[in-house]
Every structure is written in C-alpha cells, then in structure tokens.
Amino acid sequence: MTTVAATSHPVPAHHDDRSFIRKYVFSTDHKIIGIQFLFVSLFFLLVGGLLAMQMRWQLAFPGKPMPGGGVLPETMAPGGVILPEYYIQLVTMHGTFMVFFAIMPLLVGVYANFLIPLKIGTHDMAFPRINMWSFWSFFAAGFVMLSSLFVPDGAARAGWTMYAPLSARHDYSGASLGQELWSVSIILVGLSSILGSLNYITTIINNRAPGMTWFRMPLSVWSLFITAILGLLALPVLSGAAIMLLFDQIIGTHFFDPAAGGQALLWQHLFWFFGHPEVYILILPAMGMVSDIIANGSRKPIFGYHSMVFAIVAIAFLGWIVWGHHMFVSGMNPTLGSSFMVSTLVIAVPSAVKTFNWMGTMWRGNLKFTVPMLNAIAFVAMFVIGGLSGIFMAATPVDMFIHDTYFIVAHLHYVLFGGSLFALFAAIPYWYPKMFGRLMHEGWGKVHFWLTFLFYNLTFFPMHILGMGGHMRRIYDPTQYDFLKPYQPMNEFISISAFLLFATQIIFFVNFWWSLKKGKPAGLNPWQDNGLEWTLPSPAPHGNWERVPTVYRGPYEFSSPQVPEDYLPQTRKLPGDREPAAVSAAH
Amino acid sequence: MTHAAATVDQMRPPYPAERGLDVYNTKLGMWVFLASEVMFFAALIGTYIILRFGAPGEWARPGIVLNIKITAFNTFLLICSSVSMVKAYAAIQDGDPKKMRFWLLLTILGGATFVGIQVYEYIHLIEHGFVPSGVREGSELAELVAKGTLPAATMGLYGSTFFTMTGFHGFHVTCGVISMTYLYLTKALPGKYTKQSYGGIETVGLYWHFVDLVWIILFTIVYLI
Amino acid sequence: METAHKRPNYILIWVYLAVLTAAELGLAFELPISRNWKLILLLFLAVWKAALVGLFFMHLKFERWNLRIMAVIPLPLAVIFILAGMSEHIW
C-alpha cells in the first residue's frame, strides 16, 4: 500500500531555472528566506546597538554633547546634547528593535526557516508562499518601525513594554504618529510570526523523512517546534492588544484609559501574557542550537536527550502561567501575585536540567574549541548567571526592591545577550557554510569571541551592583539623585565597556561580509556533524534533495563504537540497520 | 458512509514521509491557524469580559442599543451558511461536484448577506449615536444617557468592545467570503475538485465553521447578556 | 485521517442549533429569572451550540485524539488569562 524511497545515499537536487527576482527577491525557497531574514535582522541588530550607544553616552556623561550628535535634529538633541524626550525614545526603540527585529527574527526567522526542512529531510516548508509572505510582512514591519524614528514628533516613548495609558494618549506621551506606527508595526510583526509558526509546525508534524521519528529529531528542531507553538499562541494576543492600543490612539476607544473606565492593568496583563512566552521564544531556539553545537564540539551524544526534550516542553508549558512576575509592583491582586511567584520559581527547574545536561555532554568529551563551540560554552555560563539573577526577582519581596532597577537590566541582558546573542554567534558561523558555501574566518572569530566575552561582562555585570544600589531603569540623568552620585563612575565604566563592545562587533561584521567571497570553501560537512543538512553540498541546492533521504538513527551518534570515525550521520545505513516502518505516501 | 483513507492520502505530498498526524498539509495548516485565531479572539473577548466585570458601574441592558431581532436573524443566517458549507463538503466527498457548487454558492451568498446586514447595522448604530468611543454628543442615544436609560459611566467601554469584537469578526467573515469566492471561481467552477481531491473545500469549510462558532459565542455574550 | 464513521445528519444538527438559538432568545428576554442564572444558562447554551459546530461540522468528533488536543489547547490558556484579569477586581 505504501512505498518508501529507501536511499542510504541522499541525492541532492540539481535543477533550478528561476529568474533572479524569483530566486533571490520574491523567493519561496526556505533557505533564501532564511538568508533574507539574516541580512535584514543583522541590520536591525546594528540599529539597536547604535540606539544603545547613545543611551550609554547620556548615562555616562549626562548633558554633554555627544560626538557625532550634530546629525541629530535640534528637537531631539540640540548641539548634540540628548534631550529627555529623545532619551526615552532611545530606550523604547532599543528594546523594540532588539526584541522584535533582531533576536526573534535571527533565532526563528533565520534558523527555523533555514534548518527545519534540511534537518528533517524534506524539500521545503509545507506552505512556501506563505513563508514568503512571512518574510515580507516582517520587512514591512521593520520599515514602518524604522520610519517612526523620523516622524515629526518622534518615535514611541513608553518603553518597549508600551504601558498604557501613557502609550494610548498623545497628551500623556507627547508623541502621536510615532506611537501609532509602533502599534501598526507590531501588528505586522505578529502576522509574520504567526504565518511562520504555522509553516514550521505543519512541516515538522507532517513532512519528516522516513525514519525521522519524533525522538530522532535534533534538539534544534525540537526547540524550534516548541517555539513555533509558543509563537502561534502568544503573538495573536499581542496583535490583539496592539490593535486595541491603536484604536485607543486613533479612534477614541477607551480600553486602557482609566479616566473613561478602561483598565491600565489590562494592558499589562495582555502584554505580559504574550510577553512571557515571548522570552521563551527568545531563548529556546538558542538552547536547541547550542545543544547541537555542544554535542558536536564534545564529540559525544547529548547527555539526557529525552530529558532535554521534556525540559523544553516543560518550559513551554509553565511559561504560560508565570507572566505576572513582570507585574509584582503594579498593584495587581496580591494573591494572584503569590501564585505567579511559585510558578516562576518552579520554571527554573527544567532550565537547570538543561544546564546540567550540557555540562554532562562536555564532561570527558573530546572537546574541539572551535568558534561555535566557544560561543556555545559561553552561552551556558552566561545563561546560568542570567538564570540565577532571575531567581532573585522571582521572589516577590525581593522584586519589590529590584523591579525596574538596573538589576533587571542586567538579568535581561545576561539572558538575551549572554544567552541568545552568544548562541547566535555560535550558530551563525556553524551554519554559514551550508548557507554560503564558505567558512567564516576562524582566527578572527576567536578574537571576536574573546573580546566580546570580556567587554560584555565588563558592561553588564556591574549593572547588578547598580541595581542593588537602587539605580532605576530608563532614567535620563542619574546624577539628579544624591544617592546615585557615588555610582556615576560605575556608569562611566559601563559605558566605555559598552563602546568597546560595540566596536568589537565590527570584527564580526567584517568577518561575515569578507567570508562571503573570500572565506575558505567549505566541503559538505566541515564540522563532521550527523545532521541531514551536512549530506548536501554547501550551499544547499534549491529543493534540497532529489529524493528524500531515509533516516536510521538519532542525531547525536558521536564516538560510536559501530564505526571508526567519531561521527555517524543519521542517513548512513549500516549493515545491521532496519528500514523504517511503512510510511504514508500518495498513490 | 465511510471516508476512505485513500482519498486523504491522495492529498498528501507525493514524496514519502513519516506518518505525522495522518492529516494532509492544508487541513493541518488550517487547524494550526485556527488555534492562533482562538487566541486572537480570546484577547478581544477576554478584554470585553475583564472590562465589563471590572466596570465602574452598570452595563447597558441588552436590546436597548443593539437590534436583537435583526442580529438574531443574522445569527440564524450564518448557522444556515455553515450547514450549506458542510453539505458542499459532503457532496464532493460523494463525488458530486454539481451539488457541491450549488451548496458552496449558497454559503457564499449567506456569508455576503451576513456582512451586508452587519454593515447596515453599523450604519444604523452610528447614525443613532453609538460609536467606538461611546455615545456621540447630541445624538439620540445621548438623550437616553441623559435620561438614565443608559449608564453614562460604561458607554465608552461598551462602544469600544462592541465595535472591536464584531468588527474583527466581520472582517474574518469577509475574508472567508472572498476566499470562498476565489475558490469557487478558480477551482470549483472549472471542476478541479473531485472525489479524490477536495482539500480546499474541507479547509475553507473549517475556517467558515470557526467563524460561525465565534459568532455563536459573540452573539450570546454581546447581544443577549 | 478521520476514522471510518457514519456521516452525521447535518440537517438534524441544524435543527438543534435553531432550537438552541430560540431557547437563548426566549431565556434572555422572556424568562423572569435572576441575571446571574441567565448568564450561566446563556453561556451554557452558547457553549453547547459551539460544541455542536465543532464536533459535527468541523468533524472533531471523528478526528484523531492528537488533532482534537491541538484544537482545544488554546482554550485553557484563554480561560487562565480571563480569570487572572478578572481577579484584579475581586480584592
């Protein structure tokens, strides 16, 4: 009744006669879409960084003219001196760009798109045209958000969390069009994310190659799958909230305006009900890819594969019932607050399981300290620090003191930069050969890693101390308070470290662009990895395989006694291997 | 009558794959999409419930602002169009494209009429002074507020939630009507749906039933409570 | 795939839906019972109608258990959110 394409030699596709526009611009090929996301998101990462640099200037040298500040309009920074109205835009837009237009698309838009069909053994996503729309709505969203920086009254300015009614009423915030464009952009970004999730979920459920059972999928794919489910269910709530905010802004509704019966806390509940699953969207793919890279770099199977999967599922499950920990000081129902404290403390457990498993993987492994491996190990260490600071704030009484201080800023940057961004610094060079056919320069990659690691910690670790001292977030001029004056040298230190950190990224960007043309040509499998994508040429061809491959084992068979090499690809058939059970196919 | 596995397998991609959920891609994709739509309407409807529950005063009694009779008819119409949709699906499963086209056309007409009646209702409400921000000054409804028949404190919330929920539902119905019309013209009329391949009908049917389901909830909690 | 099953009587379901709708209207406007009871009963009737559409028109009654789970997973999340939001007004 059914047929199986039993091929132990994956045959790559080789016929592609599309026009330039169809091939590279309006492409439905998941790999091209992934690369499109990569270029656009890296641009927005740069934008987010530039905004942060301006913030750090103001914090270190309040009221002093910024070098290069002359290009800014007089209404924002007369004579290069950043005004408070401009500063709060910087704060808001830095967060917005980094979360929605840099980290999320880099992790999900790039790697879900690029990796999923390759790693599960299929030709493309289930809905290639919808995939294309997912990219272009993201692009439109980014364009709208960027344009909001240039409108007359300036950009949105209620923090990236856009609390209402400050964000809802022009007479409260001082911004009109900029706020509205933020709402429109977020609605578009939500749409992009939902369309993407829809594709990833359907493809992973229905289009796995024969033999690619659920528990033979790499952890990168598992994490992208669970992330897609989180995104599917959380982003619509954000879109709904953004729509209601937009309506409050432009058609006079009163959802969030207490003066007219609306509820300010309703915005917070809506936003954080989305917002907490969102932070797991920002970390789970990173964890998944790091798992793949660490197993590869240790030449050992991942320690506790099944518990890793269950930990991902547990984090995703619990992630829905912890959102109130962002609202401990909001005046919310205290009993509700206590329940959130308990669930937040519990969610630390599965993350700890994963951390021990990464360490277990590396223990007595044949460690290869390549650039991806270095960044992946740094991920584990930095994520632990970020997670530990999270325990502090999970306890409501402690959070009363540290909420909205730099302690929180330290925490979020340890998990988002120390975590997600280091994971990206691991993932980008790791899958670069499969994307572009060349390797990034290893030596400069190591220089970039060590300098980034150094300046990153010098920038963000002191923020824990600032926060404990009471230094609040989003503040324009810390020196206005006597009790903060002693911390001003620390602010200067942080800012200078931040400038050096930003400058260091030039190495990464130059390496990235230079290697596109001048990098060492990569063979099929430069990392000697087991995943299906490494059986294809670098870069992978349109359509991936001529015939879908057959899978005989899991992805982490490193140092297997069955073969002399220290890796054993998933598609390689050994004499003792059985063909997969009969699978469905059209007839 | 049984629904053979063979017809469904025809709609799976032609290359071999793991079994998955035994549901072809378009149908699975629609269910996944509908899960996101549930969350979207949950945000809007949840907002309505939370705002109303915590409202600083009484809520307007049912039937005073909104026209129950017309909307009850509209609800019945949408339910009928849901029935005609599933009859279209049953028809193509039996291999009768002519009957399928008939029922699909009825569904499209039912959906379009629903939207038409909603638009009429909106115009009517706005003329009488009911707008998203509440009650327009100097309008008929403003007089009712002044008289005390309608509570001043919550009319703003009433307007905000009513227009947002029913507006987005109407938008979804419109998208459904457009999709069904597109499929009717490009696939149903030229006879592209057969007993072996009718995925589009089933998939758009799922969307249409969902839109009906949301309306069933909305009608009750917005118009009757 | 759907399990092999007898096709539901769609017209009969339509009749049920019509009757339940009429019951809702009668309940909302004719019956002289307290508002709280009306609320509970109306919600019950609405959910019953929604279930009929979901189970029979969307064929959930005949689909595999994992598809059914996928269809209903958003509901507990929605309930949690709504209850949390409402709890702000009871203390």
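Here the structure is a predicted model, which is why all the values come from computation and not from measurement. Both backbone and side-chain heavy atoms feed into the values below; hydrogens, waters and symmetry mates do not. A, B, ... follow the sequence lines: proteins, then strands. Residue 1 opens every chain.
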> Given the rule in the side chain to side chain contact (heavy atoms under 4.5 Å, CB included) test, do B:Glu18 and A:Ile120 qualify, once you have shown the distances and angles that lead to the verdict?
Replying inline: CA-CA 10 Å; B:Glu18 280 286 310; A:Ile120 66 174; over 6 Å; no
> Can you list the steps and then say if A:Phe255 with B:Leu157 is a side chain to side chain contact (heavy atoms under 4.5 Å, CB included)?
Replying inline: CA-CA 7 Å; A:Phe255 292 104; B:Leu157 296 179; over 6 Å; no
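Taking 4.5 Å as the limit, every side-chain heavy atom of B:Val131 sits out of range of all side-chain heavy atoms of A:Ile251. Two residues are said to be in side-chain contact when any heavy atoms from C-beta on lie closer than 4.5 Å; B:Ser133 and A:Thr253 fail this criterion. B:Phe33 is not listed as a side-chain neighbour of A:Leu232, based on a closest heavy-atom distance of 4.5 Å or more. The closest side-chain heavy-atom distance from B:Phe40 to A:Ile194 is not below 4.5 Å. Between B:Leu44 and A:Met244, the closest side-chain pair of non-hydrogen atoms falls below 4.5 Å.
Against chain B, the residues from residues 124-134 of chain A that qualify, each with a non-hydrogen atom under 4.5 angstrom away, are A:Ala126, A:Phe127 in number order. Contacts between residues 270-278 of chain A and chain B, defined by a heavy-atom separation under 4.5 Å, are made by A:Leu270, A:Phe273.
The choice from B:Gly159, B:Ala55, B:Ala43 that makes the most heavy-atom pairs within less than 4.5 Å of chain A is B:Ala43. Interface summary for chain B: among A:Val551, A:Leu266, A:Thr203, the most heavy-atom pairs under 4.5 angstrom belong to A:Leu266. The most heavy-atom pairs under 4.5 Å with chain A, out of B:Phe163, B:Phe168, B:Trp31, come from B:Phe168. The most heavy-atom pairs under 4.5 Å with chain B, out of A:Ile243, A:Leu195, A:Ile204, come from A:Ile243. Per-residue counts of heavy-atom pairs under 4.5 Å with chain B were compared for A:Ala234, A:Gly261, A:Gly262; the largest is that of A:Gly261. With chain B as the partner, the residue from A:His123, A:His269, A:His254, A:Met212 showing the most heavy-atom pairs under 4.5 Å is A:His254.
A:Gln263 places a side-chain N or O within donor-acceptor distance of the main-chain N or O of B:Ile50, the cut-off being under 3.5 Å. Although no hydrogens or angles enter the test, the distance criterion places no donor-acceptor pair under 3.5 Å between the side chain of A:Arg547 and the main chain of B:Tyr15. At distances below 3.5 Å, not a single donor-acceptor pair connects side-chain atoms of A:Asn207 with backbone N or O atoms of B:Ala17.
For the residue pair B:Asn25 and A:Thr202, the shortest heavy atom distance occurs at O-CG2, 3.7 Å.
The part of B:Pro56 that comes within reach of chain A is its side chain, from C-beta onward, which places non-hydrogen atoms under 4.5 angstrom from that chain. Contacts of B:Ala35 with chain A are made by both backbone and side-chain atoms, with heavy-atom separations under 4.5 Å. Both the backbone and the side chain of A:Thr213 come within less than 4.5 Å of a heavy atom in chain B.
Atom OG1 of B:Thr161 is separated from atom CZ of A:Phe247 by 12.5 Å, given to the nearest 0.5 angstrom. Here B:Met39 contributes atom CE and A:Leu235 contributes atom CG; the two are 11.0 Å apart, rounded to the nearest 0.5 Å.
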